[in-house]
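Both backbone and side-chain heavy atoms feed into the values below; hydrogens, waters and symmetry mates do not. Indexing begins at 1, ligand by ligand and atom by atom, following the structure's order.
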Amino acid sequence: MAEKQITCVGIIMDGNRRWAKKRDLHTLEGHKAGYEKLKESVSWAKEAGIKNLIFYAFSTENWNRTGEEVGYLMELLKTALRQEFDSLKKENVRILFAGTRDRFAPDIRALMEKMEAETKENQEGTIVFALSYGGRAEIVDAVNEIIASGVSAVDETTFSEHLWTRAVPDPEAIIRTGGEKRLSNFLPWQSVYSELIFTDTLWPDLSKEEFLALLEEFSSRSRRRGV
Ligand code: FPP
C-alpha cells in the first residue's frame, strides 16, 4: 500500500451516461450503477485507511440537464439519504454536504440536515458529498460570510475555515474517471497542491484494483518529489 498516508481524496465520478449508452441501457441506469459504485468505493477507501472523502456527486451545472434526469437523480439521492447512509452512521462516519442547499426540495434539505446532525460526533472518518456544488460559488460564499462577520482581513487559514469543506483537510489526491482531464469547478481553492489522477475508465466500471493502483500512483509521485 501507499508509503505516504493519504488523509483526504476527492473523487469526480464521471462517465455514468456513457457507461449506460455502451450497454444500450437507458442513461439513467448509468446513474444507478454510479451510485452502486460510490458505495463500493467508500469501502475500498476505508480498507486503504483513507479517513476523508469528497465526492463530486452533483454540480451546479447538472441542474441544466433534462427534467427527467434531474428528477431521477433527486429520487436516487432521497433513497440514499433514507436508506443506505444508515450503514455509514453505524460505522461512525460523519456525513456532510457541500453546495447550494436551497436549490433542493424541502424534504431533501431536511434529510441532509438530519444526516449531518445525526453524524456530527462520528469520528471514524468524514464523507463530504458535493451536491449542487460549484467551487467558485463556494469561494464567493466564504467571502460573503467573512464580510458579514465584520473582520477587515483574513489569512489563508481563516479563509479555509469559511469553506463548505472546512471539516476535512485539502485532498492530497483528486481522482477523475471518464477520460476528461480537468477539474470542472471542483475544489479550486483546496486543490492547489493536490495530485491530479485521471483515468479513462468510466465511473461504474472502476474496480477496486484500479482504485488502489491509482492511489499507488499518487504515492509514487510523492516519493519522486521527496528528495
Ligand atoms: C457524471 O457522469 C455523474 C453525475 C453527473 C452524477 C453522479 C451521480 C452518482 C454517482 C449517483 C449518486 C449521486 C446522486 C446525486 C444520487 P455523467 O452523467 O456526466 O456521464 P457522462 O460523462 O458519460 O455523460
Side-chain angles (χ1 to χ4, degrees), residues 9-45 53-89 93 95-116 127-135 137-138 164-165 174-187 196-208 210-211 214:
V9 176
I11 302 180
I12 304 176
M13 306 175 284
D14 198 13
N16 290 350
R17 296 186 298 188
R18 278 169 284 160
W19 180 91
K21 277 181 204 142
K22 254 175 59 183
R23 284 164 178 75
D24 272 334
L25 295 169
H26 196 294
T27 50
L28 303 183
E29 290 294 324
H31 291 315
K32 180 146 194 316
Y35 171 54
E36 295 303 324
K37 192 56 64 175
L38 191 163
K39 288 191 283 179
E40 271 185 74
S41 66
V42 168
S43 63
W44 304 337
L53 292 167
I54 311 174
F55 285 102
Y56 204 4
F58 193 84
S59 69
T60 319
E61 293 72 32
N62 289 154
W63 288 112
N64 300 324
R65 293 196 175 182
T66 65
E68 185 194 22
E69 188 173 350
V70 171
Y72 181 83
L73 284 166
M74 291 305 120
E75 282 308 311
L76 198 57
L77 178 59
K78 248 191 279 187
T79 307
L81 291 168
R82 289 206 178 110
Q83 302 168 6
E84 309 292 347
F85 293 158
D86 257 4
S87 63
L88 295 172
K89 240 162 52 182
V93 174
I95 309 288
L96 290 169
F97 300 95
T100 317
R101 214 165 289 198
D102 56 14
R103 294 192 72 175
F104 290 99
D107 58 343
I108 294 186
R109 280 208 308 268
L111 284 166
M112 287 176 174
E113 277 154 27
K114 181 169 179 275
M115 202 67 220
E116 286 184 332
I127 302 178
V128 180
F129 292 99
L131 285 167
S132 189
Y133 175 89
E138 180 182 32
W164 295 327
T165 60
I174 295 178
I175 295 172
R176 179 173 189 152
T177 61
E180 306 289 356
K181 294 183 174 59
R182 56 175 179 266
L183 290 179
S184 304
N185 207 9
F186 184 53
L187 309 178
L196 306 179
I197 301 171
F198 301 106
T199 172
D200 288 338
T201 303
L202 304 175
W203 173 249
D205 279 332
L206 189 70
S207 67
K208 180 178 176 182
E210 185 179 4
F211 179 75
L214 294 174

**Q.** Nearest atoms (heavy-atom pairs only) where Glu138 meets Trp164
**A.** OE2-N, 3.0 Å

Q) side-chain contact (heavy atoms from CB on, under 4.5 Å) between Leu206 and Trp44: does it pass, once the steps are laid out? A) CA-CA 11 Å; Leu206 189 70; Trp44 304 337; 4.0 Å; yes

(Q) Within the 4.5 Å heavy-atom criterion, are Phe97 and Glu113 side-chain neighbours or not? (A) no

Q: At a heavy-atom distance under 4.0 Å, which protein residues reach ligand 1? Sort them by chain and number, would you?
A: Met13, Asp14, Gly15, Asn16, Arg17, Arg18, His31, Gly34, Tyr35, Ala57, Asn62, Arg65, Leu73, Leu76, Leu77, Leu131

Q: Look at the rings of Phe55 and Phe129 and say which category their plane angle falls in: under 30° parallel, 30 to 60° tilted, over 60° perpendicular.
A: parallel

Q) Does Glu29 pair with Arg23 as a salt bridge, N-O distance under 4.0 Å? A) no

Q: For residues Ile11 and Phe211, determine if any side-chain heavy atom of one lies less than 4.5 Å from a side-chain heavy atom of the other.
A: yes

